Student: 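This is the structure I have questions about; it appears just below.
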Amino acid sequence: MAARTVGRLRTSIRRIRWRIEGSAFVSRLRRLWDNFREPPVEQWLKTMKQSEALISKRDMEGLIRFVKQWRHSVKIVGILSTQMAAAELFRTPEEAADAKMTELMDALHKTRFMARYRRSPQYHDPQQNDCIRGMLAMHDYLLNAARDRYPQRNYRWMHPSELRETEYILDRVFRQRTCTELLRFILERKRPSPYIALRYGWEKDVDRLDTLYREAMCADISRIHDLRKEIQQIEAPMERRAESILERLYEGMPPSAYLEKVERELQRLDWLSRFPEKAEPRYTSRYYLLKYDIRPEASRAERIWKIERASQRIETHLARMTGRMPRTDKTFIFVEAKRIPRSAEKSLRRTPSRNARPQKRGRKH
């Protein structure tokens, strides 16, 4: 009974405290107190130059002292957080899990600016494309990846629902950057950043590609052919996955170079649908066959089925990204008709219809 009374009393006190803190009068007093404790504008300019110098030098100890010195200033810590988000101080799980970086982020979370920022609507709204929210989500995501790599270290564990929310925030904040990197990989074969490789499960593939390219730099001519073949076997599925991710993330009309590339591939598929026997490395690029999983040793019917499926996928891809209507399957109707021999056509013509009325049998006059 006594424990229940104490619990009710604590709940009542907590509700009264929430009402006091949420009142307009108290929030106004807080703003006045924060403005009173803020340094003058001249001091802001000095601290901005000082923080820029520390970030450019990657001086983590200096940044930690800077944050602890100005932890009560909302404006100065807010400017520092924006500068840190623009500089991208951590790009890999190892950089995010560094002891100095972890201490810096812990000191940043204990500031008055972060306490106010966590109460703001833009922090809790995942639709907001805020650079500071993206920096915090990126650090949590990379730290969770470091925990998976180094389970012996005591890093913070993220719940699966929290991890999905973090990934959604990262996709919103870094949408343009992700689309740009995917387009460069598709058009120029430029390898994606560590974050993109981690986000879409390409870490082992990217590491293997780096190793193969380093071997190709100093390999013999006889070895280069095998290395190129292995590189194509890794890059072709990655490009196919990158196109599907780009279709989901890209907003607006894609660049003309990408549309021209996809249109050329569609024309090549139309040509292969008429001549499936040309789906071999002698006539068609091996990379192209690997990308659409067209095996040269497969039967003619399987080749045609793979070509038809790849063409329909490209048509759907272009329709979703550009809004144009997909074409009809006249090409493949022509292919199906081409495969029917003439003897079969004549036999089909002579076959009576099921709905045809049977002729009456009688005496011939």
Side-chain angles (χ1 to χ4, degrees), residues 91-94 145 148-150 177-247 254-255 257-314 317:
R91 300 182 181 181
T92 61
E94 288 76 16
D148 296 337
R149 289 186 182 182
Y150 311 102
R177 168 183 160 183
T178 302
C179 293
T180 302
E181 290 193 21
L182 292 176
L183 282 171
R184 287 179 180 176
F185 173 72
I186 294 171
L187 298 175
E188 305 172 9
R189 296 290 185 275
K190 187 174 181 180
R191 289 187 293 283
S193 63
Y195 161 68
I196 299 296
L198 176 65
R199 176 69 180 85
Y200 299 109
W202 293 337
E203 289 181 288
K204 295 181 180 180
D205 295 336
V206 171
D207 293 342
R208 182 58 181 162
L209 284 175
D210 292 338
T211 305
L212 292 174
Y213 275 111
R214 283 195 298 268
E215 291 182 10
M217 293 294 292
C218 54
D220 298 333
I221 298 178
S222 58
R223 173 67 176 153
I224 287 178
H225 178 72
D226 297 335
L227 291 174
R228 185 182 300 170
K229 187 176 179 180
E230 189 173 355
I231 288 171
Q232 289 177 351
Q233 289 177 352
I234 297 174
E235 286 185 344
M238 287 179 61
E239 180 178 342
R240 187 173 178 179
R241 174 88 189 283
E243 289 179 353
S244 62
I245 296 169
L246 191 68
E247 176 186 345
Y258 175 73
L259 295 178
E260 291 174 1
K261 177 182 180 301
V262 177
E263 191 66 34
R264 286 195 301 269
E265 292 187 1
L266 188 60
Q267 293 175 3
R268 190 177 301 176
L269 283 172
D270 291 345
W271 178 75
L272 286 176
S273 66
R274 291 176 172 84
F275 307 100
E277 63 277 1
K278 301 292 185 180
E280 296 181 359
R282 291 183 300 172
Y283 307 104
T284 309
S285 172
R286 185 186 299 273
Y287 183 88
Y288 187 78
L289 298 176
L290 288 170
K291 179 180 178 182
Y292 294 107
D293 194 21
I294 303 173
R295 295 179 299 170
E297 67 274 8
S299 62
R300 178 187 175 91
E302 185 178 352
R303 290 186 193 182
I304 292 177
W305 179 74
K306 290 286 184 67
I307 293 167
E308 180 178 357
R309 188 179 65 173
S311 180
Q312 289 176 355
R313 192 184 71 85
I314 292 179
H317 178 69

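Only this structure's heavy atoms are used, side chains among them; waters, hydrogens and symmetry mates stay out. This is a predicted model, so every value here is computed, not measured.
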Student: Before giving the answer on side-chain contact (heavy atoms from CB on, under 4.5 Å), spell out for L209 and M238 the whole-Å C-alpha distance, their side-chain angles and the decisive distance to 0.1 Å.
Tutor: CA-CA 11 Å; L209 284 175; M238 287 179 61; 4.1 Å; yes

Student: Within the supplied structure, the quantity of interest is the number of heavy atoms (other residues, nucleotides, ligands) at a distance under 6.0 Å from R189 CZ; does it exceed 12?
Tutor: yes

Student: May I ask you to decide if A236's main-chain N or O and R240's side chain share a donor-acceptor pair within less than 3.5 Å?
Tutor: no

Student: So, taking the atom named OH in Y195 and the one named OG1 in T92, what distance separates them when rounded to the nearest 0.5 Å?
Tutor: 14.0 Å

Student: Run the side-chain contact (heavy atoms from CB on, under 4.5 Å) test on F185 and I196 for me, step by step, so that the C-alpha distance in whole Å, both residues' side-chain angles and the decisive distance to 0.1 Å come before the verdict.
Tutor: CA-CA 11 Å; F185 173 72; I196 299 296; over 6 Å; no

Student: Within this structure, what is the CD-CD1 distance for the pair E302 and I307, rounded to the nearest 0.5 Å?
Tutor: 11.0 Å

Student: Mind checking the CD1-CD spacing from I314 to Q267? Nearest 0.5 Å is all I need.
Tutor: 11.0 Å

Student: Is there a side-chain contact between R177 and S193 (heavy atoms, below 4.5 Å)?
Tutor: yes

Student: Check the angle between the aromatic planes of F275 and W271 and answer parallel, tilted or perpendicular using the 30° and 60° thresholds.
Tutor: tilted

Student: For a side-chain contact (heavy atoms from CB on, under 4.5 Å) check, start with the C-alpha distance between E243 and Y258, then their side-chain angles and the critical distance, and finish with the verdict.
Tutor: CA-CA 10 Å; E243 289 179 353; Y258 175 73; 3.7 Å; yes

Student: Flag this pair as yes if the NZ/CZ of R268 is under 6.0 angstrom from the six-membered ring centre of Y288 and inside a 45 degree cone about the axis; otherwise no.
Tutor: yes

Student: Taking the basic N atoms (NZ, or NE/NH1/NH2) and the acidic carboxylate oxygens, is any pair closer than 4.0 Å for E215 and R223?
Tutor: yes

Student: Can you tell if the side chain of L183 reaches within under 4.5 Å of the side chain of P255, non-hydrogen atoms only?
Tutor: yes

Student: I'd like to know if the side chain of Y287 and the backbone of K229 have a donor-acceptor N/O pair within less than 3.5 Å.
Tutor: no

Student: Between E265 and K291, is there a salt bridge with N-O shorter than 4.0 Å?
Tutor: yes

Student: If I take atom CG from residue L269 and atom CZ from residue R313, how far apart are they, to the nearest 0.5 angstrom?
Tutor: 9.5 Å

Student: Between S244 and R241, is there a donor-acceptor pair closer than 3.5 Å when you use the side chain of the first and the backbone of the second?
Tutor: yes

Student: Rounded to the nearest 0.5 Å, what separation is found between the CG atom of D270 and the CG atom of L266?
Tutor: 5.0 Å

Student: Could you pull out the closest heavy-atom pair between R191 and D210, with the gap in Å?
Tutor: NE-OD1, 2.6 Å

Student: Between K190 and E181, is there a side-chain N and carboxylate O pair less than 4.0 Å apart?
Tutor: no

Student: Closest approach of L198 and P93, non-hydrogen atoms and distance?
Tutor: CD2-CG, 4.0 Å

Student: Any donor and acceptor pair, going by atom type alone, linking the side chain of K306 with main-chain N or O of D293 inside 3.5 Å?
Tutor: yes

Student: What distance separates T180 OG1 from L246 CG, expressed to the nearest 0.5 Å?
Tutor: 9.5 Å

Student: Is any side-chain N of the basic residue among R208 and E235 closer than 4.0 Å to the acidic one's carboxylate O?
Tutor: no

Student: Is the shortest heavy-atom distance from the side chain of L289 to the side chain of R295 under 4.5 Å?
Tutor: no

Student: Ring of W305, cation from R303 - is the NZ or CZ under 6.0 Å from the centre and inside 45° of the axis?
Tutor: no

Student: Kindly give the heavy-atom pair with the smallest separation between A219 and I224, and that separation in Å.
Tutor: O-CD1, 4.1 Å

